[in-house]
Amino acid sequence: MQLADILTNPVTQRLSQSKFCIAVALVATTFALVWEVVHGRATEWLYGLYLAAWVTHAQASKRAAIARDALPTPAAGDTP
């Protein structure tokens with residue numbers, strides 16, 4: 001596994017816009033949290049919001065994947 005695999009679509013091997021946006025958001029929010037900690041302005045609310053945002057994202061992503069995988073797949077001979 002390469003670092004580029006984190007940001008690419010496994011089917012097309014092209015940059016995934018959604019994966020890229022999530023990675024940028026993770027880096028930005030983590031940087032903001034660390035910045036506030038270093039400057040002594042971090043509160044428990046900031047930690048809570050940071051964790052809540054990423055736990056919510058993870059759970060929503062898993063729920064979407066489960067729903068997507070539960071969709072019926074058309075048979076090879078079926079045409080709409």
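Residues: numbered from 1 along the sequence shown.
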[Y] backbone acceptor or donor facing [X] side chain under 3.5 Å:
X	Y	result
T29	L26	yes
D69	I66	no
H57	A53	no

Check the surroundings of atom CD in Q13: do more than 12 heavy atoms from other residues, nucleotides or ligands lie under 6.0 Å from it? yes
Residue R14 excluded, over 12 heavy atoms near CZ under 6.0 Å: no
Compare every heavy atom of [Y] with every heavy atom of [X], then report the nearest pair and how far apart it is.
X	Y	result
N9	S16	N-CB, 4.0 Å
K19	D5	NZ-O, 4.3 Å
A42	V37	CB-CG2, 3.8 Å

Is there a side-chain contact (heavy atoms from CB on, under 4.5 Å) between T8 and F20 once you walk through the steps? CA-CA 8 Å; T8 57; F20 178 76; over 6 Å; no
Rounded distance [0.5 Å steps], OH in Y47 versus CD in E36: 10.0 Å
Test side-chain contact (heavy atoms from CB on, under 4.5 Å) on W54 and I22 and set out the steps. CA-CA 10 Å; W54 289 107; I22 294 301; 4.0 Å; yes
Flag yes if L7 and V24 sit in one hydrophobic cluster, no otherwise; membership is Ile, Leu, Val, Met, Phe, Trp, Tyr, and two members link when side-chain heavy atoms are under 4.5 Å apart. yes
Transitive ILVMFWY side-chain link L46 to Y50, under 4.5 Å: yes
Between Q59 and T56, does a side-chain contact (heavy atoms from CB on, under 4.5 Å) hold up when you go through it step by step? CA-CA 5 Å; Q59 293 304 311; T56 302; 6.0 Å; no
